[in-house]
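Here is the structure we will look at, set down as structure tokens.
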Amino acid sequence: MASSLQIPICITTCSSSRKSQTFSTSCSLNARAKAKIPIPRINPRDPFLSRLASVAVNSPETLLNRPSNNSDSLPYLDIFDEPKLMATPAQVERSVSYNEHRPKKPPPDLPSLLLHGRIVYIGMPLVPAVTELIVAELMYLQWMDPKQPIYIYINSTGTTRDDGETVGMESEGFAIYDAMMQLKNEIHTVAVGAAIGQACLLLAAGTKGNRFMMPHAKAMIQQPRVPSSGLMPASDVLIRAKEVITNRDTLVKLLSKHTGNSVEAVSNLMKRPYYMDSTTAKEFGVIDKVLWRGQEKIMADVASPEDWDKNAGVKVVDEL
């Protein structure tokens, strides 16, 4: 009797020991898996996770009794009436987990793509629509990052067309200039093509040491022109002419300030259109450097003054 009672007890003991061993093994495997696989951060505002949690609380059998998953469809999508895998754009922007790893797609148009690289391109005469866009872009880039530089590429005839006809008021150029002066960022200006009139002022208004010009670009300074008077009375024409003279004096003072030349010198040159190539513009003070491919390598290969003296056999006598 005693022996017959001991058999099931032994079997029970052995089976329980096997279960405990299996449970401990599975626990150790789960612990190792958890130790190896990092758990990503969860966005509490994610509607997918919120809906999944509510289903798990209210009807857990929906998640437990799952049919075999089809490889072509994502899991747990059938519990949604209107499946949404991500939050709204505003929620995604505020989210930490999505904000770090969201794909960065280029903007739909070219000006926005350049703006994404902190590049502002002025490629038209300075009419009100162009001024509005440029000032808005400058303000936006400072708001995005007030420490990173802003690059302004200029290919503009200013407030006139290439044939000399006035298309915008001089205040358009002054508006962009004032916006540039109010920015906290460094402003790198680059002339590509032409920088005429007010555009030449914007080129010279860049941060000192960061004003550049392409080798075959042109810069030109000239006096402001009187807009078409049309059927204006004589008194109105006189008022308009006085305003043009005031704008000319302001332009001369600003060019003198940024180029380092005297007001008289700038005023004398502006009596007639004064064209400058890249070399002349650098000598005049409009730019600081001419950009051309390979100049860094050539300048790096140039020997220092001490090496020049040594190779030429010049001996430097130490001061007594």
Side-chain angles (χ1 to χ4, degrees), residues 88-94 99 102-162 165-214 217 219-221 224-225 227 243 246-247 250-251 253-255 257-258 286-288 291:
T88 60
Q91 292 173 341
V92 171
E93 189 68 25
R94 291 191 298 267
N99 192 33
R102 71 182 190 274
K104 295 182 179 180
K105 296 182 180 179
D109 55 318
L110 184 58
S112 298
L113 182 59
L114 294 176
L115 189 66
H116 185 68
R118 306 188 64 82
I119 297 175
V120 177
Y121 179 59
I122 306 176
M124 295 180 63
L126 302 181
V127 296
V130 175
T131 302
E132 178 184 2
L133 176 62
I134 298 304
V135 172
E137 289 181 342
L138 294 176
M139 295 170 61
Y140 173 76
L141 290 176
Q142 179 185 231
W143 176 78
M144 286 293 293
D145 193 342
K147 296 182 180 179
Q148 292 295 325
I150 298 175
Y151 304 91
I152 301 179
Y153 286 75
I154 302 173
N155 182 20
S156 173
T157 55
T159 54
T160 61
R161 295 193 309 190
D162 52 357
E165 181 181 355
T166 302
V167 294
M169 298 180 63
E170 298 297 319
S171 59
E172 306 297 337
F174 293 145
I176 300 176
Y177 172 82
D178 290 338
M180 292 171 59
M181 294 299 101
Q182 293 298 322
L183 296 179
K184 300 177 182 178
N185 311 70
E186 284 189 356
I187 300 179
H188 298 202
T189 54
V190 182
V192 288
I196 297 175
Q198 293 279 353
C200 185
L201 172 64
L202 301 181
L203 173 63
T207 304
K208 192 71 173 178
N210 296 304
R211 303 172 302 175
F212 308 99
M213 198 171 185
M214 294 298 180
M220 190 263 279
I221 55 177
R225 299 176 181 271
E243 178 63 20
T246 302
N247 292 333
T250 303
L251 182 60
K253 292 178 181 178
L254 294 177
L255 284 172
K257 171 185 174 182
H258 292 285
V286 175
I287 62 171
D288 303 302
L291 293 179

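Being a predicted model, the structure only gives us computed values, none of them experimental. The analysis underlying the following values was restricted to heavy atoms, covering all of them including side chains, and did not include hydrogens, waters or symmetry mates.
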Query - Rounded distance [0.5 Å steps], CD in Glu137 versus CE in Met144 - result: 13.0 Å
Report task. Indicate yes or no for a side-chain donor-acceptor contact from Asn210 to the backbone of His188 under 3.5 Å, with no hydrogens or angles considered. Result -> no
Query raised in the report: Considering all heavy atoms of both residues, which atom of Arg118 and which atom of Leu141 are nearest to each other, and what is their separation?
Result: NH2-O, 3.3 Å
Requested in this report: For Glu132, check salt bridge (Lys or Arg N to Asp or Glu O under 4.0 Å) against everything at least two apart and list the hits.
Outcome: none
Query - Trace of the side chain to side chain contact (heavy atoms under 4.5 Å, CB included) decision for Met180 with Leu138 - result: CA-CA 7 Å; Met180 292 171 59; Leu138 294 176; 3.9 Å; yes
Query raised in the report: How many angstroms lie between CE in Met139 and CG in Leu183, if you round to the nearest 0.5 Å?
Result: 9.0 Å
Query raised in the report: Partners of Glu170 by side-chain contact (heavy atoms from CB on, under 4.5 Å), sequence neighbours excluded?
Result: Thr159, Phe174, Gln198, Pro224, Asn247
Query raised in the report: Do you know which two heavy atoms are closest between Val120 and Ile150, and how far apart they sit?
Result: CG2-CG2, 4.2 Å
Report summary line: Heavy-atom nearest pair, Phe212 first then Ile287, reads O-CG2, 3.9 Å
Report summary line: Rounding to 0.5 Å, atoms OG1 (Thr131) and CD1 (Ile122) come to a distance of 8.5 Å
Query raised in the report: Under 6.0 Å from the NZ atom of Lys208, do we count more than 12 heavy atoms belonging to anything else shown?
Result: yes
Query raised in the report: Okay, side chain of Thr166, backbone of Gly168: is any donor-acceptor separation there less than 3.5 Å?
Result: no
Query - Nearest heavy atoms of Ala191 and Ala217, plus distance in Å - result: O-CB, 3.7 Å
Report summary line: Separation between CD1 (Ile154) and CZ (Arg211), nearest 0.5 Å, reads 11.0 Å
Report summary line: Note: Leu202 and Gly173 closest approach over all heavy atoms is CD2-O, 3.9 Å
Query raised in the report: CG/Leu115 to CG/Leu110 distance, rounded to the nearest 0.5 angstrom?
Result: 11.0 Å
Report summary line: In Leu114, Ile134, Val190, the residue satisfying side chain to side chain contact (heavy atoms under 4.5 Å, CB included) with Tyr121 is Leu114
Report task. Mind checking the CG-CD1 spacing from Leu201 to Ile196? Nearest 0.5 Å is all I need. Result -> 14.0 Å
Report task. Take atom CE of Met220 as the centre, draw a 6.0 Å sphere, and report whether it contains more than 12 heavy atoms from other residues, nucleotides or ligands. Result -> yes
Requested in this report: Measure across Asn185 and Lys147 and return the closest heavy-atom pair with its distance rounded to 0.1 Å.
Outcome: ND2-N, 3.8 Å
